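Reading through the structure tokens given below for one structure.
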Amino acid sequence: MYKPQFNKRKALVFKQFTHKGWSLFACLGRVVVISVLSASTLENAEAASRHLSTDDEPADTTRTDKEVTLDDIEVSASRAPLALGQAARMVTVLTRTDIQAAPVQSVNDLLKYAAGVDVRQRGPLGAQTDIGIRGGTQEQINILLNGVNICDPQTGHNTLELPVSLSDIERIEILEGPAARVYGTSSLMGAINIVTRQDDSLRGRRKEEGGRRLYLQLEGGSFGYLSAGGRFSHLAPRTSQHENPSFLENTISASYTRSDGYSRAKSGALNSDFSGFKAFYQGSYVPSSLLSPPSSLLSPLFSLYWHAGISTKGYGSNTFYSAKYDEQYESVTKTYAALQGDITAGRLHFKPTVSWNRSYDRFELIRGSEQKVPYNYHRSDVFLLSLNSWFDSPLGRTAFGAEVRNEDIISSNLGEPLSSPSGRYVVGLNRTNLSAHLEHNVVTRWLTVSAGFTAVKNTWNQMPFTLYPGIDASVRLTDWLRFYASYNESLRMPSFTELYYSVGGHKADKYLKPEELRAVEGGVKLYSRKLTAKASVFYHHQRNTIDWVLDTRLADEATWQSVNLTKINTTGVEVSVNAQLPTLVLPTSSSLLPPPTLSVSYCYLHQQKDEQPYLQSRYSLEYLRHKLTASLYLPLWRQLDLTLKYRFQDRMGSYTDTEGQVQHYHPYSVADARLAWTAERYTLYVEGNNLLSKRYIDYGNVPQPGFCLVGGLKVAL
């Protein structure tokens, strides 16, 4: 259950063995000899199985894998690490096979298929995107990379400029609902944790041999789209005369993407084009003896994990931030670096983290014409130092720790005057967020309870330490039926843009209060080998909501103002079903292809708020009332398979068009497809997005394109 440690005993022999997070292999601390080890693929995030053939590396039929089910995955739904099958909260997990099967070209596109996630994308193929959860805005969620918060305090618009490509990702964990107790500030409505992958094909070899692998990918398609990238992995064993081998693994990847865009300005110039480069490096040092941690504090074991990356992108931002100008442009460069440790000393576990993120942002209201309208320049730095610790006792698993997060910006227009200006940077702001957490978990065969709190203090507004508690409980009535309930509180600090952006028809309020949220949720999950279903009901009470609003009564004199708008009460229902369909009788089908699967998800939201009819909201009052997604996977012939995706969205709210008229959003449907042929060393595929060429607007004054076609090739060397 909690993997307590014992002295080494004689070997135990099993004829069959299933790898579960609470199995004997995890908890006895003994040598286990396995006579038969079954092979299977990683389960779908919401079903019993998905196909391996869509992976970007070749199917290796000579390799024997452990049986791994989704319940085995250790997810970040609590401060203390628990397997997904033990977690008291429901976490949506998009696995690597889900990612490779989807007809998408970026993480931004992929998240559109999660029912509780609101993706407001200002163009196809990975263009600038805002992500919200359960009616929230892009400012109200945390985006994490391998558990490290990489959110930009300048603005949430730039958060998804990630250094990783889809081929670098092992899985994506989506935690819906307030998550301050787990992820700290900014996770008002939830969090998305992107976990990068290790090379399983190397780990499947004899470990003392090590190895190298190289993967290449090329894509091209509509709107002048081109993407090229590669990934190289190296596993090096490190041996000694007295110990088993330890392992040093390094992976580096890089990609370049560009597009001419799908629209042009009134002048005929490009205004939705983009180009960008990404590079990512990760490494790890893991001693093989971690399977038998020491019982003494004097002989601790440790592992190290590190990553670093850069993402640079310039894009025509059309009418993104002002309806009057259709040749806006933005350039964003972000760098990331983090070092994480994992130390085991007896029953104590320590996970320290240190990270640094730097972002450069240049916004041009009139592209290439700084003489007409000065550009906005920003540089932000975030330094993070945190320690999460936990230990097991007869009473359960207890986690405790603390975090210091310093956020700094120097800018041409965000902040207070600098004592020593530097070039274009004449103003700035520095603030530090201090937090401490305590959590206790009780896990039995039929019950999981996780309760605790986080205490937060911020230096920017002289905020005293404030407690934000939470409790999650899950009851497993049978092996296939589980009920859960939770109550959590959370907060979110204003971004630097919300506090100080007072140019170009905007007026900010530097005295904004933090947003706060209280939420209750209950649900049920049914799962078997061929059917998974879950349903949840939730209620959010949000106060001091921060938003940009426009007083339409002032006509041409109106300006967008940042305000603590109102209290918002949100009621929601989310339902999903994933079923394995009867196998099609196709004598020529490959045995590697699994049976067909069908997934359907639906989310309904209703918000009650004290709003004035003459106030137009830019973000928080524009939410998805209805969102329906569906996915169908079909093995067709031999190594050929087809994935079909569908989504329906009905958004509340309105926007003012370029003629000054108020327009309401209209419901729309979009269908996508992916057809792939997977051989031993390569994969050929073609993807079609918006197959019916539906014209729609999901963000004011930014009409979306019609049909988009992309083809690609992946090769493993």
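This one's a predicted model, so the numbers in the text were calculated from it and none came from an experiment. Scope of the values below: all heavy atoms of this structure, side chains included, with no hydrogens, waters or symmetry mates. Numbers here are sequence positions counted from 1.
At least one donor-acceptor pair closer than 3.5 Å links the side chain of Asn690 to the backbone N or O of Pro705. At least one donor-acceptor pair under 3.5 Å links the side chain of Arg197 to the backbone N or O of Ser167. Remark: the backbone N or O of Tyr539 is not paired with any side-chain donor or acceptor of Asn569 at under 3.5 angstrom. For the pair Arg367 (side chain) and Leu270 (backbone), a donor-acceptor distance under 3.5 Å is present. When atom types are taken as modelled, the side chain of Ser106 and the backbone of Asp109 share a donor-acceptor pair closer than 3.5 angstrom. The backbone N or O of Lys313 sits nowhere less than 3.5 Å from a side-chain atom of Lys278 that would complete a donor-acceptor pair. Checking side-chain atoms of Arg625 against main-chain N and O of Leu605 turns up a donor-acceptor pair under 3.5 Å. Judged by distance alone, with hydrogens and angles left aside, the side-chain atoms of Lys627 form a donor-acceptor pair with the main-chain N or O of Ala114 at under 3.5 Å. Glu139 places a side-chain N or O within donor-acceptor distance of the main-chain N or O of Gly156, the cut-off being under 3.5 Å. Under a 3.5 Å cut-off, the side chain of Thr319 and the backbone N or O of Asp326 do not form any donor-acceptor pair.
Trp677 and Trp637 have tilted rings, their planes meeting at an angle from 30° to 60° on a 0 to 90° scale. Between Tyr665 and Tyr655, the angle of the ring planes lies from 30° to 60°, which puts this pair in the tilted group.
Rounding to the nearest 0.5 Å places OG of Ser187 at 4.5 Å from CG of Asn142. Going from atom OG of Ser255 over to atom CG of Leu216 covers 12.5 Å, rounded to the nearest 0.5 Å. Once rounded to the nearest 0.5 Å, the distance linking CD of Glu327 with OG of Ser317 reads 10.5 Å. Note that CD of Glu176 and CD1 of Ile133 are 6.0 Å apart. Values are rounded to the nearest 0.5 Å. Taken from CG in Asp118 to CD1 in Ile131, the straight-line distance is 8.0 Å, to the nearest 0.5 Å. For the atom pair CD of Gln580 and CG of Leu531, the computed distance is 10.5 Å after rounding to the nearest 0.5 Å.
Taking both residues in full, the closest heavy atoms of Leu713 and Tyr685 are given as N-CE2, 3.8 Å, listed atom of the first, atom of the second, then distance. Of all non-hydrogen atoms in Trp548 and Thr497, the two that sit nearest each other are CZ2-O, 3.6 Å. When all heavy atoms of Tyr329 and Gly314 are compared, the pair lying nearest together is OH-CA, 3.3 Å. Taking all atoms of both residues into account, the shortest heavy-atom contact from Ser654 to His664 is CB-ND1, 3.8 Å.
Take Trp480 and apply the side-chain hydrogen bond (donor to acceptor under 3.5 Å, both in side chains) test, not counting sequence neighbours, and it matches Thr478. Residues satisfying the salt bridge (Lys or Arg N to Asp or Glu O under 4.0 Å) criterion with Asp152, sequence neighbours excluded, are Lys334.
Defined by atom type and a distance below 3.5 Å, a donor-acceptor pair is present between the side-chain atoms of Thr97 and Thr95. No side-chain N or O of Gln140 forms a donor-acceptor pair with one of Arg492 less than 3.5 Å apart. Counting only N and O atoms by type, the side chains of Ser263 and Asn271 include a donor and acceptor under 3.5 Å apart. Between Thr129 and Asn108, the side chains place a donor N or O and an acceptor N or O closer than 3.5 Å (distance only, hydrogens not considered). For the 3.5 Å distance criterion, the side chains of Gln704 and Gln121 fail to qualify, holding no donor opposite an acceptor. Side chains of Tyr699 and Arg120: no donor on one and acceptor on the other come within 3.5 Å. Side-chain polar atoms of Asn318 and Ser272 form no donor-acceptor pair below 3.5 angstrom.
With a 4.5 Å cut-off on side-chain heavy atoms, Tyr623 and Ile568 do not count as touching. Proximity of Tyr633 to Pro595: side-chain heavy atoms (C-beta onward) are nowhere separated by under 4.5 Å. Within the 4.5 Å cutoff, the side chain of Ser536 has heavy atoms near those of the Tyr484 side chain. Using a 4.5 Å heavy-atom threshold, the side chains of Thr137 and Asp130 count as separate. Put simply, the side chain of Ile169 does not reach to within 4.5 Å of the side chain of Leu94, judged on heavy atoms. A heavy-atom distance below 4.5 Å is found between the side chains of Leu125 and Phe274. Residues His540 and Pro178 are in side-chain contact: their nearest non-hydrogen atoms beyond the backbone lie under 4.5 Å apart. At a threshold of 4.5 Å between non-hydrogen side-chain atoms, the residues Pro703 and Ile697 count as touching.
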May I have the list of side-chain donor-acceptor pairs in residues 221-228 shorter than 3.5 Å, sequence neighbours left out?
from, atom 1, to, atom 2, distance (Å)
Ser222, OG, Leu709, N, 2.9
Ser222, OG, Leu709, O, 3.4
Tyr225, OH, Glu219, OE1, 2.8
Ser227, OG, Thr257, OG1, 3.2

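Shown are Asp98, Ile99, Val117; of these, the side chain to side chain contact (heavy atoms under 4.5 Å, CB included) with Leu110 is made only by Ile99. With Tyr315 as the fixed residue, the side-chain hydrogen bond (donor to acceptor under 3.5 Å, both in side chains) test singles out one of Gln128, Glu330, Arg122, Glu161: Glu330.
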From CA spacing to verdict: side-chain contact (heavy atoms from CB on, under 4.5 Å), Phe363, Gln328:
CA-CA 8 Å; Phe363 174 68; Gln328 300 169 58; 3.3 Å; yes
